[in-house]
Participant: 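Dropping the structure in here first, questions after.
Everything quoted here is computed from the prediction, not taken from an experiment. We name chains A, B, ... by the order of the sequence lines, and we start the count at 1 in each one.
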2 protein chains.
Amino acid sequence: MTTPAPIRILVVDDEPQIRSALDVNLRARGYAVDLAESGEEALHRAAAHHPDLVLLDLGLPGIDGIDVVRGLRGWTAVPIIILSVRESEADKVAALDAGADDYVTKPFGMNELLARLRATLRRHQPEAPQPTVRTDDFVIDLAAKRVMRGEDDVHLTPTEWAIVEYLARHAGRLVTQRQLLQHVWGPQYESETNYLRVHLAAIRKKLEPNPSQPRYLITEAGMGYRFEL
Amino acid sequence: MTTPAPIRILVVDDEPQIRSALDVNLRARGYAVDLAESGEEALHRAAAHHPDLVLLDLGLPGIDGIDVVRGLRGWTAVPIIILSVRESEADKVAALDAGADDYVTKPFGMNELLARLRATLRRHQPEAPQPTVRTDDFVIDLAAKRVMRGEDDVHLTPTEWAIVEYLARHAGRLVTQRQLLQHVWGPQYESETNYLRVHLAAIRKKLEPNPSQPRYLITEAGMGYRFEL
DNA sequence: TTCGGGCGTAAAGATGCCGTTAAGACGTCT
DNA sequence: AGACGTCTTAACGGCATCTTTACGCCCGAA
């Protein structure tokens with residue numbers, strides 16, 4: 001298991017104190033921070049570094065903040081939170097309709113900003129990639145709970161699927177009978193090894209090219225089973 | 001192109017003037033509005049009607065607003081915008097971390113609220129990258145919340161639509177009864193599998209060419225259902 | 001070689017789930 | 001308040017699945 005990559009946040013503000021305050025607070029929470037002090041620099045750094053979220057001050061010298069929002073929205077859906085001293089409704093409406101995700105009025109509390117930041121990031125999390133286990137003869141789609149053998153799919157009963165899934169998630173490793181029994185049937189089933197024999201036979205009949213001589217679902221006599229890729 | 005279904009908004013507030021003001025303004029913008037004046041009613045109506053967005057007052061009699069957020073987040077990802085007189089950072093942080101999407105302090109400008117509402121709804125669109133799901137026999141228009149079978153459209157009840165939509169958005173994957181029950185009826189309905197049997201029968205009667213031998217809405221005995229394209 | 005434990009296979013019975021139907025409850029409009 | 005659409009609830013037959021039992025094989029140990 002690798003450590004997750006830090007979430008990258010681009011902070012855009014022309015006031016050095018605010019940049020610094022955000023930098024310190026965000027780094028303290030484990031975010032990676034990139035800083036920009038103008039709209040041009042913001043667009044440039046966003047294109048170069050692809051941040052996971054943008055904190056954007058509206059009152060920038062040069063390009064207006066709203067135009068930064070439009071510039072970003074032209075090519076990316078990165079979440080944008082506006083920081084601004086402007087309290088007027090018109091400004092908020094314009095920023096939000098330009099594509100900003102949230103609007104926080106300065107001065108703001110750091111805890112509120114962090115909470116809004118978490119809320120925004122939470123919404124933008126992409127779905128985890130769907131794991132599949134492939135062999136030469138069939139494909140196990142763990143997310144769809146489905147097994148494909150060539151073009152047509154193989155129908156597994158609930159118990160059969162539970163066994164296959166557990167073995168596939170521990171592919172290559174030896175799984176003891178007790179592990180399987182407890183995972184599929186519950187803690188009190190420790191010694192009903194005949195269940196396993198019966199169901200393994202059914203599974204092999206459906207998945208193995210030659211069920212009587214298993215290639216994938218290997219029996220380790222006296223110990224358990226092993227799913228060989 | 002068919003007329004898109006109106007966006008349904010659930011307004012939760014115990015003050016009649018605010019309910020009424022929101023009701024009028026939202027209807028004027030073409031939203032369909034559902035009203036609730038307590039947390040209990042909010043949870044109940046949300047489960048019954050599946051709104052597209054919830055406007056929630058924190059200062060409710062009975063259940064606290066935060067608990068309403070938690071109650072909803074237990075089973076649905078519907079966007080929630082908090083309306084509150086409480087300005088303290090702690091309240092905002094608590095609400096956002098409980099799963100709210102935005103926080104607006106009363107008194108608020110109607111235009112700002114509408115802009116935040118649009119921004120929140122826009123953000124939730126990416127969840128529907130495919131507006132239509134097509135089979136040989138019918139077309140599911142996820143945006144318009146409508147099903148067309150050939151030329152004429154099939155009328156689905158709210159519950160039926162909720163089931164079809166969930167299955168269509170997870171096309172090909174196996175959806176457990178528990179997933180469906182929690183998404184359609186709420187968290188406390190984990191074991192009422194007879195609901196599913198009854199409604200699936202009704203849906204099949206409307207969509208399947210041969211309802212007694214389903215081609216699209218496949219039952220996986222003991223596990224759940226699968227929408228086969 | 002003989003014996004016994006562990007395993008694979010097959011088939012029959014038991015179990016629980018699913019589809020179907022219909023009636024009553026509920027909520028929402030006119 | 002009444003009528004309509006919709007949801008809930010219960011009952012039942014049919015069927016998929018699981019359990020249980022029996023038997024034969026293989027292989028290592030005596």
Participant: Distance check needed: dT20(D) C1' versus Tyr189(A) OH, whole Å only.
Facilitator: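 Going from Tyr189(A) (OH) to dT20(D) (C1'), I get 13 Å.
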Participant: Is there a side-chain polar atom (N or O) of His49(B) under 4.0 Å from OP1 or OP2 of dT28(C)?
Facilitator: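 Affirmative; the distance criterion is met.
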Participant: For Leu156(B) and dG5(D), what is the distance between atoms CG and P respectively, to the nearest whole Å?
Facilitator: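 Computing the Leu156(B):CG to dG5(D):P distance gives 16 Å.
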Participant: Does atom CZ of Arg122(A) have more than 12 heavy-atom neighbours, drawn from other residues, nucleotides or ligands, at distances under 6.0 Å?
Facilitator: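 Counting neighbours around CZ of Arg122(A), more than 12 heavy atoms of other residues, nucleotides or ligands fall under 6.0 Å, so yes.
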Participant: Expressed in angstrom and rounded to an integer, what is the separation of Trp185(A) atom CH2 from dT19(D) atom P?
Facilitator: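 Taking CH2 of Trp185(A) and P of dT19(D), I get 6 Å after rounding.
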Participant: Has His155(A) got a side-chain N or O lying under 4.0 Å from the OP1 or OP2 atom of dT17(D)?
Facilitator: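 Result: yes.
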Participant: Between Tyr189(B) and Tyr195(B), what is the ring plane arrangement, given parallel below 30°, perpendicular above 60°, and tilted in between?
Facilitator: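 Ring orientation of Tyr189(B) relative to Tyr195(B): tilted.
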Participant: Does a nitrogen or oxygen in the side chain of Thr157(B) sit under 4.0 Å from OP1 or OP2 of dC7(D)?
Facilitator: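 Yes.
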Participant: Scan nucleotides 7-20 of chain C nucleotide by nucleotide, 5' to 3', and note B when protein non-hydrogen atoms come under 4.0 Å of the base, S if they reach only the sugar-phosphate, - if neither.
Facilitator: BBBB------SBBB
Participant: Show your reasoning for whether salt bridge (Lys or Arg N to Asp or Glu O under 4.0 Å) applies to Glu112(B) and Arg116(B).
Facilitator: CA-CA 6 Å; Glu112(B) 177 186 346; Arg116(B) 287 190 180 270; 3.0 Å; yes
Participant: Just to be sure I understand the rule, does Trp161(A) reach a base, reach only the sugar-phosphate, or reach nothing, if contact means heavy atoms closer than 4.0 Å?
Facilitator: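 Counting heavy atoms under 4.0 Å across all strands, no contact is made by Trp161(A).
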Participant: Output the single nucleotide from dT8(D), dT17(D), dT19(D) whose closest atom is nearest the side chain of Tyr195(B).
Facilitator: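 Ranking dT8(D), dT17(D), dT19(D) by closest atom to the Tyr195(B) side chain puts dT8(D) first.
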Participant: Pick the nucleotide of DNA chain D nearest each of Pro158(B) and Glu160(A); which residue has the one closer to the 5' end?
Facilitator: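 So the residue in question is Pro158(B).
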Participant: From CD1 of Ile163(A) over to C1' of dT17(D), roughly how many Å is that when rounded to an integer?
Facilitator: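 Going from CD1 in Ile163(A) over to C1' in dT17(D) covers 13 Å.
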Participant: Can you see whether Thr219(A) engages Arg204(A) through a side-chain donor-acceptor pair at a distance of less than 3.5 angstrom?
Facilitator: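 Arg204(A) and Thr219(A) do have a side-chain donor-acceptor pair below 3.5 Å.
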Participant: In terms of the angle between their ring planes, are Phe138(B) and Tyr216(B) parallel, tilted or perpendicular, with boundaries placed at 30° and 60°?
Facilitator: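 Correct class here is perpendicular.
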Participant: I need the Leu142(A) CG to Arg169(A) CZ distance, nearest 0.5 Å.
Facilitator: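 Going from CG on Leu142(A) over to CZ on Arg169(A), the span is 4.5 Å.
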